[in-house]
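Below: the structure, in structure tokens.
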Number of protein chains: 2
Amino acid sequence: MACEDMDTVSLHCSDCPIRHRAVCARCETDELDRLEEIKYYRSFEAGQTIIWAGDRMDFVASVVTGIATLTQTLEDGRTQMVGLLLPSDFVGRPGRNTAAYNVTATTNVMMCCFRKKPFEEMMERTPHIAQRLLQMTLDELDAAREWMLLLGRKTAREKIASLLSIVARRDASIKMQPAQGSMNFELPLTREAMADYLGLTLETVSRQISALKRDGVIALEGKRHVSVPDMDRLLSEAGDDSDGGFLV
Amino acid sequence: MACEDMDTVSLHCSDCPIRHRAVCARCETDELDRLEEIKYYRSFEAGQTIIWAGDRMDFVASVVTGIATLTQTLEDGRTQMVGLLLPSDFVGRPGRNTAAYNVTATTNVMMCCFRKKPFEEMMERTPHIAQRLLQMTLDELDAAREWMLLLGRKTAREKIASLLSIVARRDASIKMQPAQGSMNFELPLTREAMADYLGLTLETVSRQISALKRDGVIALEGKRHVSVPDMDRLLSEAGDDSDGGFLV
DNA sequence: CGGCTCATTGACCGAAGTCAAGCAGAGTGG
DNA sequence: CCACTCTGCTTGACTTCGGTCAATGAGCCG
């Protein structure tokens, strides 16, 4: 496990930006006090590997700021992203002591870590933590299943449109705005990361983005800033106009 | 929701075949007594739809016997299987009142159902249930992620070999035998169901099975009985010889 | 400036999808 | 008993979407 970069920050739970969404969301103040004792912060730079699959893992953690990815690889190098970790998402599995996936920081990331043993003991005694973790895990399972539909049955164009919809929707929810009409947002992923997410090659990603641009579904400013003139149009390109709503 | 076929059976929890693996696995006898009060059995015939996506769902359940599938569809009819429910697997989500996926019986299925409201109340008071459900959900999430790698990055041939490996491995674990050397098992899925599982067309499934047969990796007796002369060979065809082990 | 990384685009190819014909086995009914 | 239909499966011919290989471009930084 890589943890060279460790400018440890001190932050009180009550001031924590993910206080209301993370695994600790349902904790009472006395429960938070106990968590406070076993927690510590760790920072990682963009591009850094946070955890290698198969490594021993003696902590669990919440993403506080930044974006990280969960990836899996076949031995010949083909890789598939299997999770996108946003602020408040949980990393690690209580009751397991080796990591199942590679975790990589795509932006600078700060994590709130708990030593595994004490955390597990606390989970036994504190139903609020287990309850919240269950809720979060069920949400992740739903997201994974939506993603399976995308991987198994959508065309390249639909895959790109779906990814853009997801990012747009998440961005809107952070800004507390409705995800409709015309929208602007940053795309925090490289073409390669998008390809790994969608089960495509980076060339196909590039081509399909160009095609969507050519057809007026999206416009780019620079490589990473996307503007969508008509969100409904993008959603219908994604194939699942019904509801959508996966990943946050 | 379809529930025409309801030959209700009476079965005491202590005699239940899935007692040690289901959501109730960690319950004490007094906890079981309370579950006993809110449970009822329901049977479904092979081919029957158990739940339609979007329908109101006022119960949660465990599969007691048989196999069911979870599927998702795009409005133009493309469908993707997102879960395979085997005995002891859990259906439904506490805290949600409409079904997210279609649930279909592929064989005759018996389910142990709990009315949702009382079950949710019990979960609040009974950490053992929430703990077990968390464990099971985390396992499902791992399986879903392994499946995402398959859908996103494996070739048709590898997909088929992976599916056969999974079924073979599960069969071996039921028979309490090691999954190696030469093996025989039944394939409880039609070509179409396999295609929906693997994100392929049924023609491709058929062709790849023929190819594996031609290459001596497997042999068929009838349409559904598979024999594998060399399990290692099959595993290496699946691409992930390292460990494997998804789904049960 | 050269040397990076990331992205775009083109030419070509091949794996898997589509469309279509036909087979095998299980029922069903005359 | 045979003829007929139905469903599930196989196989072939052809097409196409996305992958592969390769050249080129745009920023960025030492």
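All values below were derived from every heavy atom in this structure, side-chain atoms included, with hydrogens, water molecules and symmetry-related copies excluded. We name chains A, B, ... by the order of the sequence lines, and we start the count at 1 in each one.
Residue order along DNA chain D, read from the 5' end via each residue's closest nucleotide, puts L189(B) first among R207(B) and L189(B). Heavy-atom nearest nucleotides on DNA chain C were determined for R153(A) and for S206(A), and the one closer to the 5' end corresponds to S206(A).
Within the cation-pi definition used here (under 6.0 Å to the ring centroid, within 45° of the axis), R42(A) qualifies as a partner of F59(A).
Among T73(B), T201(B), T79(B), the single residue meeting the side-chain hydrogen bond (donor to acceptor under 3.5 Å, both in side chains) criterion with D196(B) is T79(B).
No donor-acceptor contact under 3.5 Å links the side chain of R191(A) to the base of dT9(C). Side-chain atoms of R78(B) and base atoms of dT18(C) include no donor and acceptor less than 3.5 Å apart. E203(B) contributes no side-chain N or O that forms a donor-acceptor pair with the base of dC9(D) under 3.5 Å. Residue-to-nucleotide contacts include no donor-acceptor pair under 3.5 Å from the side chain of R157(A) to the base of dG18(D).
If you check dA16(C), dT8(C), dT11(D) against the side chain of Q208(B), the one that comes closest is dA16(C). Which of dG18(D), dT10(D), dA16(C) sits closest to the side chain of A156(A) comes down to dG18(D). Distance from the side chain of T204(A) is smallest to dG18(D) among dT10(D), dG18(D), dA16(C). Listed nucleotides dT10(D), dT8(C), dG17(C) differ in distance to L202(A); the shortest reach to its side chain belongs to dT8(C). Set against dT10(D), dG17(C), dG18(D), the side chain of T201(B) has dG17(C) as its closest nucleotide.
Spacing between atom CZ of R224(B) and atom P of dG25(C) amounts to 14 Å, rounded to whole angstrom units. I160(A) has its CD1 atom 14 Å from the C1' atom of dC17(D), to the nearest Å. Rounded to an integer number of Å, the gap from K223(B) NZ to dA24(C) C1' is 6 Å. Between E158(B) atom CD and dA16(C) atom P the separation is 9 Å, expressed in whole Å. Straight-line distance from the CD1 atom of I209(B) to the P atom of dT10(D): 6 Å, rounded to whole Å. Protein atom CG of L212(B) is 12 Å distant from nucleotide atom P of dT10(D), rounded to whole Å.
As judged by a 4.0 angstrom heavy-atom cut-off over every strand, G199(A) is placed among residues touching the sugar-phosphate backbone only.
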Quick one, R207(B) with E203(B), criterion salt bridge (Lys or Arg N to Asp or Glu O under 4.0 Å). Give me CA distance, side-chain angles, the key distance, then yes/no. CA-CA 6 Å; R207(B) 269 188 261 271; E203(B) 292 94 330; 5.9 Å; no
